[in-house]
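In what follows, a single structure is set out as structure tokens and then discussed.
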There are 2 protein chains.
Amino acid sequence: MRAPTIRDVAERAGVSKSLVSLVLRGSDQVRPEKRDAVLRAARELGYRPNAAARSLSEQRTRTVGVLLNDLRNPWFVDLLDGLNSLLHANGLRMLLADARLNRRTGQDPADPLLDLRVDGLVVVGTLPDPAALGQVAERIPVVLAGSREPAPPGVDVVAGDDERGALLVAEHLIGLGHRRIAHIAGYGAVGELRRRSFEATMRRHGLADEVLVEPSDMTEEGGYRTTVRLLSRPDRPTAVFAVNDIAAIGVLSAAEELGLRVPRDLSVVGYDNTSIARLRHVWLTTVDNSSHEVGRRAAQCLLERFEGAGGAGRVHLATPTLEIRGSTAPAP
Amino acid sequence: MRAPTIRDVAERAGVSKSLVSLVLRGSDQVRPEKRDAVLRAARELGYRPNAAARSLSEQRTRTVGVLLNDLRNPWFVDLLDGLNSLLHANGLRMLLADARLNRRTGQDPADPLLDLRVDGLVVVGTLPDPAALGQVAERIPVVLAGSREPAPPGVDVVAGDDERGALLVAEHLIGLGHRRIAHIAGYGAVGELRRRSFEATMRRHGLADEVLVEPSDMTEEGGYRTTVRLLSRPDRPTAVFAVNDIAAIGVLSAAEELGLRVPRDLSVVGYDNTSIARLRHVWLTTVDNSSHEVGRRAAQCLLERFEGAGGAGRVHLATPTLEIRGSTAPAP
DNA sequence: GACAGGTTCTGGAACGGTCCAAAGAGGGGC
DNA sequence: GCCCCTCTTTGGACCGTTCCAGAACCTGTC
């Protein structure tokens, strides 16, 4: 009942295990008859190479670990898609781990991946523990994807250009005639960049005095509560730019509850172009991060580092685009 | 620069590698001084056990593979949570693979997991290839979680009780005074069970003639189009029960577009209690699968099989509950 | 028929752990 | 001082691969 090994295949094909190894790795230094015999034996036995043995011997796993920080907020799906396409084309597999699941259990969420000796690590989203990551980066290539956190030395960062995205939003709203525009801000590097670029763009259009910025926690609830507060002001804004789609959903709920129609009375813009924004029932104008491209470039970074490219960590930015849907309209 | 091995630790602590192995596995047959010396050496060198070497030698990986079929529809998040809690408590790690990502690339999505020689496999959602799964099940325990597909011999199934769930929905709506109730059906075992139980419950309440069933593809778009058709009928229903939350969102959009207010003019119920149903902007009445419980029981099944429990595959059903939110109201 | 040169195949040493049989150390009783 | 027994510690085989050095086998040439 034990799984067949390379020796079992060798015996059945009447050759040495070395030859089986050669055949299975596609060597052309093998006579066709022997090759056929080996392949037939392998097929008949249902042989599968043992990845543990292989990686022990090869000193590499052909596997890249991907650390996600929260499966509940699925903005990263396109990113994984892009990542996988390039990795797969280069014979690498991808292993996922959810940081949130392991966080409660106390240990570092990357531990299982590191014990498996992944050849590289992609951290998607906010990073768990910068210090620990720096140590990891000394051993294997590490790429931070989808978030602009300050990275430890030697770590590449690939993300959307948040400043450009926020600029697109601001100019879209200004172009629609909005002047009093609120921003529901977030935290972290991402929140900071979007907010600052939004403010700068408003200033450039002479609307410095119309800017309204409120902090939030990037959740639906946060977006909701902040908006209730904003819309109760006497000088209430005619448009709201939320730091991400989830918070924007909160904005929509608040507007609805206060009797304002979107987009007639209030324009709303999100960020990330998640699947939720695409729901017809939501149909949110938002910024598309070109996550697929971010994923591809993250894979590219890893591949280059595998090839031996050293050097300090670099920052790659993908150009976002504005996805105009039904939640924005000319100012009332 | 190479990662330290057990030999490096042994040398630094001035003992044999066997002793290091003993200490690291927590044996109590070791003198305290030696134990301390070993632990100190390991800490100083930043030693991490090599999972490949360990599993090669132990003939097991202490790892369970989890095959997801689509990260975009995140109904499985709670399930993973439940799964992980029990597995982790038993010293097992969890490795995720997305079937959809690998499907386009041609090969069996479980391959990477099987090459790694996972000790068990959990398939979450609709299963990819029943025949292939049967073969896998001959070697390692396999559990099908969250979906009631017909399983190959020896495979356990853990899922929500779809019949009970659909019954809860039907009785809730009937209790609110609805008579003409439509069901937007899905496909697969899940779709079948929910539909049949819905029909049976309606019949039991003498509403066999009021049942309206339309097939759909379980997407938002499908829910939308089907609802437009349903609501254009002269005898339009006063309530719609959609096969899942995503399709229910489509129902909401269609109602909105046709000028019907939910829940005043139309009650809508979904299924799965996904995070989308919980959004204030959606606030959908839906069925909670108790996915966390499903995950826990799936883990339980695996653990029992690891302990040597054989036998034919069993089916475990978790009891669902109705989550009443804002999309249902008394019939107009 | 010996030899060179190429092609094809094989044995054995890694890789980094676990585990077992046996060696070594220490203590107690005679 | 010797023997026995228990508690610690160790060397070495093994897990399933890869890879290298060299063996075996061809083919052609002089």
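Throughout, a chain's letter reflects where its sequence line sits, starting with A, and its residues are numbered from 1.
Rounded to whole Å, the distance from CZ on Arg54(A) to C1' on dC15(D) is 16 Å. Rounded to whole Å, the distance from CZ on Arg60(A) to P on dT18(D) is 12 Å. The distance from atom CZ of Arg31(A) to atom C1' of dA24(D) is 12 Å, rounded to the nearest whole Å. Between the C1' atom of dT10(D) and the CD atom of Gln29(B) lies a distance of 15 Å, rounded to the nearest Å. Taking atom CZ of Arg62(A) as the reference point, atom P of dT17(D) lies 14 Å away to the nearest angstrom. The nearest whole Å value for the distance from the CD1 atom in Ile6(B) to the C1' atom in dT10(D) is 13 Å. Summarising the geometry, the separation between CD on Gln59(A) and P on dG16(D) is reported as 19 Å, rounded to the nearest angstrom. Between Asp28(B) atom CG and dT6(D) atom P there is a gap of 17 Å when expressed in whole angstrom units.
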Q.
Let's go through Leu92(A) and Phe306(A) carefully: what are the C-alpha distance in whole Å and the side-chain angles of both, what is the deciding distance for side chain to side chain contact (heavy atoms under 4.5 Å, CB included) to 0.1 Å, and is it a yes or a no?
A. CA-CA 11 Å; Leu92(A) 293 163; Phe306(A) 288 157; 3.7 Å; yes
Q: Apply side chain to side chain contact (heavy atoms under 4.5 Å, CB included) to the pair Val143(A) and Arg305(A), showing each step before the final yes or no.
A: CA-CA 10 Å; Val143(A) 176; Arg305(A) 299 256 174 197; over 6 Å; no
Q. Can Ser55(B) and Arg117(B) be said to form a side chain to side chain contact (heavy atoms under 4.5 Å, CB included), step by step?
A. CA-CA 9 Å; Ser55(B) 56; Arg117(B) 295 288 195 274; over 6 Å; no
Q.
Is there a side chain to side chain contact (heavy atoms under 4.5 Å, CB included) between Leu80(B) and Met94(B)? Walk through the geometry before answering.
A. CA-CA 9 Å; Leu80(B) 289 188; Met94(B) 219 170 74; 4.2 Å; yes
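Residues Ala151(B) and Leu144(B) come closest through the heavy atom pair CB-CD2, 4.3 Å.
A donor-acceptor pair is defined here as one N or O able to donate and one able to accept, closer than 3.5 Å; no such pair exists between the side chain of Asp119(B) and the backbone of Val64(B). The main-chain N or O of Leu19(A) is found under 3.5 Å from a side-chain atom of Ser16(A) such that the two form a donor-acceptor pair. Side-chain N or O atoms of Arg35(B) include one that pairs as donor or acceptor with a backbone N or O of Ser27(B) at under 3.5 Å. A distance-only check finds no donor-acceptor pair linking the side chain of Thr274(A) to the backbone of Trp75(A) [under 3.5 Å]. Distance alone, capped at 3.5 Å, is enough to place a donor-acceptor pair between the Arg297(B) side chain and the Leu317(B) backbone.
Here the CG atom belonging to Asp98(B) is positioned 8.0 Å from the CG atom belonging to Asn69(B), to the nearest 0.5 angstrom. Atoms OG1 and CG, on Thr61(A) and Leu95(A) in that order, are 9.0 Å from each other to the nearest 0.5 Å.
Within the structure, every pair that satisfies the salt bridge (charged side-chain N to carboxylate O under 4.0 Å, His left out) test and touches residues 37-57 of chain B, not counting sequence neighbours, is listed here: Asp111(A)-Arg48(B), Asp115(A)-Arg48(B), Arg12(B)-Glu44(B).
Evaluation of the side-chain contact (heavy atoms from CB on, under 4.5 Å) rule for Val118(B) yields Thr63(B), Leu113(B), Ile140(B) as partners, not counting sequence neighbours.
Heavy-atom distances under 4.0 Å link DNA chain D to Tyr47(A), Arg48(A), Pro49(A), Asn50(A), Ala53(A) of residues 43-53 of chain A, given in residue order.
Here chain A contacts DNA chain C (any atom closer than 4.0 Å to a heavy atom, that is under 4.0 Å), and the contacts span dT8(C) to dG16(C) from 5' to 3'.
Overall, the helix from dG1(C)-dC30(D) to dC30(C)-dG1(D) carries an axis bend of 70° between its ends, with five pairs at each end and the value rounded to 10°.
Both Leu56(B) and Leu22(B) lie near DNA chain D, and the one whose nearest nucleotide falls closer to the 5' end is Leu22(B).
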Between the protein and nucleotides 19-21 of chain D, list the N/O to N/O atom pairs that are separated by less than 3.5 angstrom.
| from | atom 1 | to | atom 2 | distance (Å) |
| --- | --- | --- | --- | --- |
| dC19(D) | OP2 | Arg25(A) | NH1 | 2.7 |
| dC19(D) | N4 | Ser18(A) | OG | 3.4 |

